[in-house]
2 protein chains.
Amino acid sequence: MNHRFGKGPPKGWPGHFRGQGYRVTVPRRIILQVLGNAEKHLSAEEIYLRSYKLYPAIGLTTVYRTLDLLIKNGVIIKIESGEGRARYELAGRVEGINCHQHLFCVNCRNFLDISDLTEDEIAVIKKMKERLLKKYGFTVKSCILQFYGECKNCKKKE
Amino acid sequence: MNHRFGKGPPKGWPGHFRGQGYRVTVPRRIILQVLGNAEKHLSAEEIYLRSYKLYPAIGLTTVYRTLDLLIKNGVIIKIESGEGRARYELAGRVEGINCHQHLFCVNCRNFLDISDLTEDEIAVIKKMKERLLKKYGFTVKSCILQFYGECKNCKKKE
DNA sequence: ATGTTAATGGTAATCATTATCAATAAGGAA
DNA sequence: TTCCTTATTGATAATGATTACCATTAACAT
Ligand SMILES: [Mn+2]
Ligand SMILES: [Mn+2]
Ligand SMILES: [Zn+2]
Ligand SMILES: [Zn+2]
């Protein structure tokens, strides 16, 4: 249901990658395909399992290595939500701004992944990006607004 | 130099904690003191080492357990920046809004911890909090704006 | 088609975090 | 203050996600 998921791998990545001197390999194709078709944030093991179905020769080590490469190139983002394993998601999903929100419940440790920004909010974030570039020399590729607090379910139980 | 650091432990926490049925113990006092005097985000081991200086009987397990307790009560926030170990910081440092920014470099994996919000940005975030409460039943206690991209140093090296 | 070397994948090693459990001490009651 | 209950502690062992290693394979430039 979330428009940030299930859109397939980023278009034109093979050319872009080759341009950087990287090789376009079968495992990399598969992993990007899995990430592109994900309906949620996936752990390394989940990515491995889904890739294995498409290409049983793949190894878990390669999954980790490829994820690392994709992070360094700004293609995906690594999410560590305190559950002991990291999760990964494509970074470039929202046109123009590439920003969404995570609502972390500090009590039950679940988190809600939403993409719910108003025009005002988008405008302000765009400005903030420009300011961060000027002031800190930092070029923003994507962002996540992490909110910590108490979720609906945990409130009921009180 | 960052106004979010070095302010000492949150005032009045012993009473608040006892009210919740928790006991106010020596290790908890020490750990909160260490967190309150931190000049940066500390790892569990760093917290343990600093606590050890003040109270050599303390154990690493207790540090982890106490950090967990403080997270659940919204006193601190756990930051996992992909370096293999988590870091912790007091949540309640910025009056009114409790929000600051992290600039993650996807290349060198360093991150800059800043607290640099304009009036406009603060106003927008306040509104967002209200909206998240109405729409998702989520009560925000604090937030971090995570920006992913390329840092100043990494640009130079290209 | 061949050569160079980036990339792979099985395996072992690492190390931050958790689980266990007997011993201790906070704090309420008397 | 003294006693009791039990939350909390800390030493140790176990866990498990991630990384290191290294011989083998396969992109892809020539
Ligand atoms: Mn997300
Ligand atoms: Mn911070
Ligand atoms: Zn919850
Ligand atoms: Zn950098």
Side-chain angles (χ1 to χ4, degrees), chain A residues 13-34 41-73 75-88 109, chain B residues 13-34 41-73 75-88 109:
Chain A
W13 69 265
H16 183 264
F17 261 54
R18 263 190 280 256
Q20 307 283 315
Y22 298 119
R23 293 180 182 176
V24 175
T25 68
V26 176
R28 285 175 182 173
R29 270 183 215 285
I30 298 291
I31 290 167
L32 267 167
Q33 189 182 329
V34 166
H41 302 149
L42 300 175
S43 68
E45 197 188 355
E46 285 171 332
I47 293 166
Y48 168 70
L49 258 24
R50 293 184 185 198
S51 300
Y52 183 89
K53 282 187 186 169
L54 301 170
Y55 180 64
I58 203 167
L60 182 56
T61 305
T62 299
V63 171
Y64 276 106
R65 262 190 311 239
T66 302
L67 292 173
D68 228 52
L69 178 73
L70 295 174
I71 289 169
K72 279 200 177 167
N73 284 75
V75 178
I76 64 172
I77 284 173
K78 185 179 187 179
I79 313 289
E80 294 176 276
S81 54
E83 58 167 335
R85 80 192 67 182
R87 293 184 173 277
Y88 305 84
R109 296 182 171 194
Chain B
W13 69 266
H16 183 264
F17 260 53
R18 263 190 280 258
Q20 308 282 316
Y22 298 118
R23 293 179 183 178
V24 175
T25 68
V26 175
R28 285 175 183 173
R29 269 185 216 283
I30 299 290
I31 290 167
L32 267 167
Q33 188 181 329
V34 166
H41 301 149
L42 299 175
S43 68
E45 197 188 355
E46 285 171 333
I47 293 166
Y48 168 69
L49 257 27
R50 293 185 184 197
S51 299
Y52 183 89
K53 282 188 184 167
L54 301 170
Y55 179 65
I58 203 166
L60 181 56
T61 306
T62 298
V63 171
Y64 275 107
R65 261 191 311 239
T66 302
L67 292 173
D68 228 53
L69 178 73
L70 294 174
I71 290 169
K72 279 199 176 165
N73 284 75
V75 178
I76 64 173
I77 285 174
K78 185 179 185 179
I79 313 288
E80 295 175 276
S81 55
E83 58 166 335
R85 81 193 65 183
R87 293 185 172 276
Y88 304 84
R109 294 181 174 197

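Chain naming here is simple, since letters A, B, ... match the order of the sequence lines and numbering starts at 1 in each.
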Novice: Name the residue from A/Ile71, A/Leu42, A/Ile79 that meets the side chain to side chain contact (heavy atoms under 4.5 Å, CB included) definition with A/Tyr88.
Specialist: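 Result for side chain to side chain contact (heavy atoms under 4.5 Å, CB included) with A/Tyr88: A/Ile71.
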Novice: On DNA chain C, nearest-nucleotide positions of B/Tyr22 versus B/Arg85: which is more 5'?
Specialist: B/Arg85
Novice: Heavy atoms only: give me the nearest B/Ser43-B/Arg85 pair and the separation to one decimal.
Specialist: CB-CD, 3.6 Å
Novice: Five pairs at each end of the helix from C/dA1-D/dT30 to C/dA30-D/dT1: take the axis at both ends and give me the angle between them to 10°.
Specialist: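 The angle separating the two end axes equals 50°.
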Novice: Expressed in angstrom and rounded to an integer, what is the separation of B/Arg23 atom CZ from D/dT6 atom P?
Specialist: 9 Å
Novice: Measuring from B/Arg109:CZ to A/Asp68:CG, what's the distance to the nearest 0.5 Å?
Specialist: 4.5 Å
Novice: What are the two closest heavy atoms between A/Ile58 and A/Ser51, and how far apart are they?
Specialist: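 Smallest heavy-atom distance, with atoms named: CD1-CB, 3.9 Å.
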Novice: Name the residue closer to the 5' end of DNA chain D, choosing between A/Val24 and A/Ala86 according to the nucleotide with the nearest heavy atom.
Specialist: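 Residue closer to the 5' terminus by nearest nucleotide: A/Ala86.
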Novice: Kindly give the heavy-atom pair with the smallest separation between A/Gly59 and A/Tyr48, and that separation in Å.
Specialist: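 Between these two residues, the closest heavy atoms are C-CE1, 3.8 Å.
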Novice: Which residues pass the ring pair (Phe, Tyr, Trp, His ring centres under 6.0 Å) test with B/Phe17, sequence neighbours left out?
Specialist: B/Trp13, B/Tyr22
Novice: A/Glu46 has an atom CD; how far is it from atom C1' of D/dG16, in whole Å?
Specialist: 16 Å
Novice: Identify the heavy atoms of A/Ala44 and A/Leu60 that sit nearest to each other, and give their distance.
Specialist: O-CD1, 4.2 Å
Novice: What closest approach, in Å, do B/Gly82 and A/Glu80 show between heavy atoms, and which atom pair accounts for it?
Specialist: N-OE1, 2.8 Å
Novice: With nearest nucleotides of DNA chain C determined for B/Tyr55 and B/Asp68 from heavy-atom distances, which residue corresponds to the more 5′ nucleotide?
Specialist: B/Asp68
Novice: So, does B/Arg28 get its side chain near the phosphate of D/dT9, meaning an N or O under 4.0 Å from OP1 or OP2?
Specialist: yes
Novice: Classify B/Arg65 by what it touches in the nucleic acid, base, sugar-phosphate, or nothing, heavy-atom distance under 4.0 Å.
Specialist: base
Novice: Under 4.0 angstrom, heavy atoms only, what part of the nucleic acid is B/Phe17 near: base, sugar-phosphate, or nothing?
Specialist: nothing
Novice: Measure from the side-chain N and O atoms of B/Arg87 to the backbone N and O of B/His41, and report whether any donor-acceptor pair falls under 3.5 Å.
Specialist: yes
Novice: Whole angstrom is fine here: how far is it from OH in B/Tyr52 over to P in D/dT9?
Specialist: 18 Å
Novice: Take the protein atom CG of B/Leu60 and the nucleotide atom P of D/dT12, then report the distance between them rounded to whole Å.
Specialist: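 The answer, rounded to whole Å, is 13 Å.
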Novice: If the cut-off is 4.0 Å, is A/Thr61 near the phosphate of D/dT18, judged by side-chain N/O to OP1 or OP2?
Specialist: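 Checking D/dT18 against A/Thr61, no side-chain N or O comes under 4.0 Å of OP1 or OP2.
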Novice: To the nearest Å, give me how far apart OH (A/Tyr48) and P (D/dG16) are.
Specialist: 18 Å
Novice: Can you tell me the distance, in whole Å, between the CD atom of A/Glu45 and the P atom of D/dT18?
Specialist: 9 Å
Novice: How many whole angstroms separate atom NZ of A/Lys78 from atom P of D/dA17?
Specialist: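 Those two atoms, NZ and P, are 13 Å apart.
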Novice: What is the distance, rounded to the nearest whole Å, between atom CD of A/Glu80 and atom C1' of D/dG16?
Specialist: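 These atoms are roughly 15 Å apart.
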Novice: State the CD1-CD1 distance between B/Ile47 and B/Ile31, to the nearest 0.5 angstrom.
Specialist: 7.5 Å
Novice: Under 4.0 Å from any heavy atom of chain B: name the first and the last nucleotide of DNA chain C that qualifies, 5' to 3'.
Specialist: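 Taking any atom under 4.0 Å from a heavy atom of chain B, the span is C/dA16 to C/dG27.
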